[in-house]
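What's counted below: heavy atoms across the whole structure, side chains too, no hydrogens, waters or symmetry copies.
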Amino acid sequence: RPPAFPPRMDDALVIGGTRFIGRHLVEELLAHDYDVTIFNRGNHDDPFAEDDRVSHVEGDRTDDARLLTAAREVDPDAVFDCVAYYPEDVRVACEAFADCEAYVYISSGDAYGEEVIPKREGETDLRPCDADQAVDDSGATYGNRKAEGDREVFAAADRGVRAMSVRPCIVYGPHDYTERLDYWLDRVLQYDRVVVPGDGQNVWHRAYVADVASALRVVAEEGTAGEAYNVGDRQLVTLQEMVELAAEAADTEIEVVTAGERELSAADLAPADFVLYRDYPHVLDTSKLAALGWESTPVAEAMAQTVAEHRESDRDGSDHDPGRDAEERVLSVLDTV
């Protein structure tokens, strides 16, 4: 196998690189003096289009020939794969970049198939993935496909490739096109009373996007071939605490109103209708990553950066909105209790 600690790496190729995690990753690499090349289809606005420190290679990562050509033309030391959604993507990339110092695959905390607290690398079972799931494009098989991608990484490492995996939990922060946290930020900024489902104490581990970016770099530089590394905030907060942190960062006062299933049913709502709610806690052990020297941003600082960028954006999380009218009905029921 390649050594656990490779020589200094200078040239990085980011597959993806212009939207959310990839965007922050490029910034992280530039801040650490890497020469960066982005490989993607060019379908989204490129925040680095005018940055002469970043090179661009256009191509579809599912075009095997184009990926191999990019590997030869760029000849990177480190490769970061932000858009590998199918096991075949990972297998081909591991072959194309087998001679690189590091190939780092972005997996997911959803790859874990066992509900335990916390979920640990190499200990907690991964989801299975059959042949149909491996090529399915629905959200229902996302975790299965990510888990099989991890297994491709492990197999590549057994062949001598310095391939590694990083498993983020729910990622939040500036430029989040999923708008999951934007829903809650919009509620905090627009209303005095914010409905939080359940008792507000549910926990869904989250990861600040800049920390995910630094984790990817640290794993490339310090990680061990064939290993996976969880990444998430070192301090976990409940859903209610998250909303309160957002209000504090926004310098506004709100009343958090918790609502159980009975109160929500008055407006035909259920706890799962609220984004970032999860019945059973989802917690990842991040000590393995921390042992490499990675550090997490304090959650208050991370939220402040997130709120500041949200205010400058046009995102409002409306795709996740259960309906303010429905929430007002819930509040009316609670006010009469």
Is Glu28 paired with Arg23 through a side-chain N to carboxylate O contact shorter than 4.0 Å? no

Does some side-chain heavy atom of Pro76 sit less than 4.5 Å from a side-chain heavy atom of Glu101? no

I need the Asp285 CG to Glu123 CD distance, nearest 0.5 Å. 8.5 Å

Sort out for me which residue in Thr306, Asp233, Asp182 forms a side chain to side chain donor-acceptor pair (under 3.5 Å) with Tyr172. Asp233

Where the side chain of Asp211 meets the backbone of Thr297, is there a donor-acceptor pair that is under 3.5 Å apart? yes

Where the side chain of Arg206 meets the backbone of Val237, is there a donor-acceptor pair that is under 3.5 Å apart? yes

Under a plain distance cut-off of 3.5 Å, with no hydrogens placed, do Thr141 and Arg145 share a side-chain donor-acceptor pair? yes

Within the 4.5 Å heavy-atom criterion, are Thr286 and Ser296 side-chain neighbours or not? no

Smallest separation among heavy atoms of Pro118 and Thr124, with atom names: O-OG1, 4.1 Å

Donor-acceptor side-chain pairing of Asp10 and Tyr34 below 3.5 angstrom: no

Could you see if Leu331 belongs to whatever hydrophobic cluster contains Leu239? Use Ile, Leu, Val, Met, Phe, Trp, Tyr and a side-chain cutoff under 4.5 Å. yes

Which heavy atom of Pro271 sits nearest a heavy atom of Leu264, and at what distance? N-CD1, 3.6 Å

Side chains of Val83 and Arg61, heavy atoms from C-beta outward: is any pair under 4.5 Å? yes

Separation between CH2 (Trp184) and CZ (Phe274), nearest 0.5 Å, reads 6.0 Å

For the CD atom on Glu255, are there more than 12 heavy atoms of other groups (residues, nucleotides or ligands in this structure) within a distance under 6.0 Å? yes

With no hydrogens and no angle check, do the side chains of Thr258 and Asp199 hold a donor and an acceptor under 3.5 Å apart? no

Judged by atom type as modelled, is there a donor-acceptor pair below 3.5 Å linking the side chain of Glu114 to the main-chain atoms of Asp125? yes

Can you tell me how far apart CG (Leu67) and CZ (Arg72) are? Round to the nearest 0.5 Å. 10.5 Å

Pair Leu245-Gln240, side-chain contact (heavy atoms from CB on, under 4.5 Å): steps then yes or no: CA-CA 9 Å; Leu245 274 171; Gln240 178 172 339; over 6 Å; no

If we check side-chain contact (heavy atoms from CB on, under 4.5 Å) with His320, which of these qualifies: Asp273, Leu181, Asp186, Val275? Val275

Given the rule in the side-chain contact (heavy atoms from CB on, under 4.5 Å) test, do Tyr85 and Lys146 qualify, once you have shown the distances and angles that lead to the verdict? CA-CA 7 Å; Tyr85 299 119; Lys146 283 296 186 180; 4.2 Å; yes

Close side-chain approach of Leu289 to Val219, heavy-atom, < 4.5 Å: yes

Do Asp11 and Val74 pass the side-chain contact (heavy atoms from CB on, under 4.5 Å) test, and can you show the C-alpha distance, the side-chain angles, and the key distance before you say yes or no? CA-CA 9 Å; Asp11 299 303; Val74 178; 6.0 Å; no

Around atom CZ of Arg66, are there more than 12 heavy atoms from other residues, nucleotides or ligands closer than 6.0 Å? yes

May I ask you to check if Arg167 and Tyr112 form a cation-pi contact, with NZ or CZ under 6.0 angstrom from the six-membered ring centre and within 45° of the axis? yes

Residues, nucleotides or ligands: over 12 heavy atoms within 6.0 Å of Gln201 CD: yes

Taken to the nearest 0.5 Å, the spacing of Glu244 CD from Glu253 CD works out to 12.0 Å

Pairwise side-chain contact, Val171 with Asp176, heavy-atom cut-off 4.5 Å (strictly under): no

Determine, for Lys119 against Glu115, whether the closest basic-nitrogen to carboxylate-oxygen distance falls under 4.0 angstrom. yes

Kindly check if the number of other-residue, nucleotide or ligand heavy atoms within 6.0 Å of CD (Glu248) is above 12? no

Would you call the rings of Trp204 and His282 parallel, tilted or perpendicular, where under 30° means parallel and over 60° means perpendicular? perpendicular

Any side-chain to backbone donor/acceptor pair from His24 onto Tyr208? Under 3.5 Å, distance only. no

Distance-only donor-acceptor check, side chains His175 and Glu309, under 3.5 Å: yes

How about Glu295: does its CD atom have over 12 heavy atoms from other parts shown lying under 6.0 Å from it? no

If Ile, Leu, Val, Met, Phe, Trp and Tyr residues are connected whenever their side-chain heavy atoms lie under 4.5 Å apart, and connections chain through other members, are Leu276 and Val203 in the same group? no

For the side-chain contact (heavy atoms from CB on, under 4.5 Å) test, which of Thr18, Ile38, Val26, Leu25 pairs with Cys82? Leu25

Close side-chain approach of Ser165 to Tyr229, heavy-atom, < 4.5 Å: no

Can you measure from CE (Met9) to CG (Asp33) and round to the nearest 0.5 angstrom? 13.5 Å

Give me the one residue out of Asp51, Asp46, Asn40, Thr37 that meets side chain to side chain donor-acceptor pair (under 3.5 Å) with His56. Asp46

For Ala326 and Ala267, work out which heavy atoms get closest and say how close. O-CB, 3.3 Å

When hydrophobic residues are tied together by side-chain contacts of less than 4.5 Å, even through go-betweens, does Tyr86 share a cluster with Phe154? yes

Grab the two heavy atoms, one from Arg193 and one from Arg324, that are nearest each other, plus how far apart they are. O-NH2, 3.0 Å

Are Leu216 and Glu221 packed together at the side-chain level, in the sense that at least one heavy-atom pair is separated by less than 4.5 angstrom? no

Starting from Val307, can I reach Val256 by hopping between I/L/V/M/F/W/Y residues whose side chains sit under 4.5 Å apart? yes

Heavy-atom count around Asp130 CG within 6.0 Å, excluding the residue itself: above 12? yes

Between the side chain of Asp81 and the main-chain N/O of Val104, is any donor-acceptor distance below 3.5 Å? no

Nearest heavy-atom neighbours spanning Glu121 and Ala228: CG-O, 3.3 Å

Tell me if the CG atom of Asn43 is crowded by more than 12 foreign heavy atoms within 6.0 Å. yes

Would you call Arg127-Asp110 a salt bridge at under 4.0 Å N-O? yes

dist Tyr177:OH -> Ser313:OG (nearest 0.5 Å) comes out at 15.5 Å

Answer with yes or no whether the side chains of Glu301 and Gln305 bring together a donor and an acceptor at under 3.5 Å. no

Between Leu292 and Phe80, is there shared hydrophobic-cluster membership here, with clusters defined by ILVMFWY side-chain heavy atoms closer than 4.5 Å? yes

Student check: side-chain heavy atoms of His205 and Ile170 closer than 4.5 Å: no

Report the C-alpha distance between Leu30 and Glu27 in whole Å, list the side-chain angles of each, state the deciding distance to 0.1 Å, and finish with yes or no for side-chain contact (heavy atoms from CB on, under 4.5 Å). CA-CA 5 Å; Leu30 292 174; Glu27 293 172 349; 5.6 Å; no

Can you see which heavy atom on Ala84 is nearest to which on Tyr105, and at what distance? O-CE1, 3.6 Å

